[in-house]
2 protein chains.
Amino acid sequence: MSEGVEWAVHCCLNLAWADAGRGVPAARLAALYQLPAAYLNKQLQALVRDGILMSTSGPRGGFRLGRRPADITLLDIVTAIEGADEAFRCTEIRRRTPWPHTQGDFRDPCLIHQAMGRADLAWRRELAAQTLAEVKATVERSAPGLPGRTREWLAATPH
Amino acid sequence: MSEGVEWAVHCCLNLAWADAGRGVPAARLAALYQLPAAYLNKQLQALVRDGILMSTSGPRGGFRLGRRPADITLLDIVTAIEGADEAFRCTEIRRRTPWPHTQGDFRDPCLIHQAMGRADLAWRRELAAQTLAEVKATVERSAPGLPGRTREWLAATPH
DNA sequence: GTCTGCATACTCGGATAAGAGCTGTCCGAGTAGCTTAGG
DNA sequence: CCTAAGCTACTCGGACAGCTCTTATCCGAGTATGCAGAC
């Protein structure tokens with residue numbers, strides 16, 4: 001899985017803590033964790049494409065959440081960065097046997113594909129069950145001072 | 001996910017159908033689906049390393065199952081090819097904030113990592129629940145003639 | 001006829017290249033705010 | 001003093017390289033088989 005997923009989730013969380021009225025530039029978010037700003041910008045673009053974030057150009061511009069944290073799941077973020085395809089790619093190699101096909105052999109879907117699909121579905125179900133709002137609440141219970149510190153630092157003017 | 005996983009599962013299934021006494025060369029298994037023989041060999045080596053297959057060199061050599069199909073799970077095969085690492089890599093970027101750390105901030109594990117870990121666990125659990133014996137039985141119900149055809153073709157001398 | 005030694009062909013195993021995708025960087029389009037000149 | 005036009009600086013967005021990992025290939029080590037020759 002791409003490393004951008006980790007960045008994206010952390011950034012979404014930080015944007016949930018930031019002032020709702022203001023946007024946060026990609027460079028500022030990158031400075032928070034000393035990440036390459038331009039590349040992080042690329043990842044955030046993907047989040048914008050899926051409506052998870054909104055972007056504003058120009059001075060005082062930047063990124064903000066596109067919808068409420070309760071309506072953003074971890075699956076949404078992962079899908080935006082990684083794409084919607086499932087991990088296991090079934091290329092139907094079973095059809096390439098040297099002997100001639102018997103009619104009806106391939107009416108049923110590939111059972112290996114199905115088994116992998118079940119696992120993929122369980123993974124997606126678990127990710128979709130976790131909203132950004134829930135993660136945010138859990139983190140706030142674990143580190144009560146973190147939201148305030150983050151919000152202040154994001155709002156402060158960089159020098 | 002690597003394409004080798006698909007090949008590996010199909011090959012394990014075919015080896016479960018093959019004569020128990022004889023080994024099947026990688027080239028023969030590759031010919032079944034018109035795959036690059038040398039590269040398939042590389043994937044099968046990974047299965048041997050994890051004890052899923054056994055290999056024999058020389059004439060009349062080849063690969064056979066390393067243990068009973070009931071003791072081989074889909075997770076075993078995927079892990080052998082892809083490695084045991086979980087998909088999401090937590091690099092602990094939360095520790096790189098510009099402000100000084102408050103003691104106890106990082107006593108709890110990264111909650112984002114935990115959430116991703118839960119999804120990963122659900123995926124593994126689903127894969128571990130499916131044994132090769134179960135997949136084999138399901139396929140045999142769906143295509144009763146397939147095991148016999150496969151077994152015969154694998155045993156036939158290539159020309 | 002039987003045993004032994006050898007040559008042969010076959011198979012796996014790891015070392016070695018090509019290609020694709022992730023990672024990282026750069027520059028241009030567009031915009032909001034500031035400055036400045038005029039009324 | 002107020003207004004408006006122009007300028008400046010800032011930000012996103014997409015186009016352009018570098019690098020790691022997957023994909024693919026090749027050759028050598030080892031082994032069972034079959035054959036030939038001697039006893």
Side-chain angles (χ1 to χ4, degrees), chain A residues 1-8 11 15 18 21-31 33-64 66 78 80-83 85 87-89 91 93 154 157-159, chain B residues 1-8 11 15 18 21-31 33-64 66 78 80-83 85 87-89 91 93 154 157-159:
Chain A
M1 184 180 301
S2 169
E3 192 172 4
V5 172
E6 184 185 12
W7 303 358
C11 284
L15 287 175
R22 302 180 48 183
V24 181
R28 193 92 185 124
L29 283 169
Y33 301 120
Q34 301 167 38
L35 302 175
Y39 187 40
L40 176 63
N41 188 18
K42 194 172 177 55
Q43 312 285 5
L44 297 179
Q45 284 175 35
L47 297 178
V48 171
R49 268 194 292 274
D50 280 24
I52 298 168
L53 299 186
M54 292 177 50
S55 64
T56 316
S57 279
R60 316 264 308 164
F63 294 90
R64 70 195 71 187
V78 171
I81 303 291
E82 294 281 295
D85 294 345
F88 180 83
R89 297 168 286 171
T91 60
I93 60 174
L154 287 178
T157 60
H159 39 216
Chain B
M1 183 181 299
S2 169
E3 193 172 2
V5 173
E6 184 186 11
W7 303 358
C11 284
L15 287 175
R22 301 181 48 182
V24 182
R28 193 90 184 125
L29 283 169
Y33 301 121
Q34 300 168 37
L35 302 175
Y39 186 39
L40 176 64
N41 188 17
K42 195 173 175 54
Q43 311 285 5
L44 298 180
Q45 283 176 35
L47 297 178
V48 171
R49 268 193 293 274
D50 280 25
I52 297 168
L53 298 187
M54 291 177 51
S55 62
T56 316
S57 279
R60 317 262 311 165
F63 294 91
R64 67 195 73 184
V78 171
I81 302 291
E82 294 281 293
D85 294 345
F88 180 83
R89 296 169 287 171
T91 60
I93 59 174
L154 287 178
T157 61
H159 39 214

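Lettering follows sequence order; numbering is per chain, from 1.
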Check this for me: Met1(B), atom CE, are more than 12 non-hydrogen atoms of other residues, nucleotides or ligands nearer than 6.0 Å? yes
Interatomic distance, Met54(B) CE vs dG13(C) P [rounded to whole Å]: 11 Å
For the student: nearest non-hydrogen atoms of Ala80(A) and Ile52(A), plus distance: CB-CD1, 3.9 Å
Quick one: do Leu29(A) and Leu15(A) satisfy side-chain contact (heavy atoms from CB on, under 4.5 Å)? Show the steps, please. CA-CA 9 Å; Leu29(A) 283 169; Leu15(A) 287 175; 4.2 Å; yes
If you round to the nearest 0.5 Å, how far is CD of Glu6(B) from CG of Leu35(B)? 8.5 Å
Roughly, in whole Å, what's the span from CG in Leu35(A) to P in dC22(C)? 18 Å
Taken to the nearest whole Å, CZ/Arg64(B) to P/dT11(C) is 13 Å
What are the two closest non-hydrogen atoms of Thr91(B) and Glu3(A), and how far apart are they? CG2-OE2, 3.5 Å
Tell me: CZ of Arg28(A) to C1' of dC10(D), nearest whole Å? 15 Å
Just report the end-to-end axis angle for the helix from dG1(C)-dC39(D) to dG39(C)-dC1(D), five pairs per end, to 10 degrees. 0°
Determine the minimum heavy-atom distance between Gly66(B) and Met54(B), stating which atoms define it. CA-CG, 3.7 Å
Once you apply a heavy-atom cut-off of 4.0 Å, does Ala27(A) come out as touching a base, just sugar-phosphate, or nothing? nothing
I'd like a table of donor-acceptor pairs (distance under 3.5 Å, sequence neighbours excluded) in which one partner is a side-chain atom from residues 36-51 of chain B, with atom names and distances.
{"unit_1": "Tyr39(B)", "atom_1": "OH", "unit_2": "Gln43(B)", "atom_2": "NE2", "d": "3.1"}

In whole Å, what is the span from the CZ atom of Arg22(A) to the P atom of dA32(C)? 16 Å
Any chance you could list the contact pattern along nucleotides 13-31 of chain D? Use B for base contacts, S for sugar-phosphate-only contacts and - for none, protein heavy atoms under 4.0 Å, 5' to 3'. BB--------BBBB---BB
Has the side chain of Arg64(B) got a donor or acceptor atom that lies under 3.5 Å from a matching backbone atom of Gly21(B)? yes
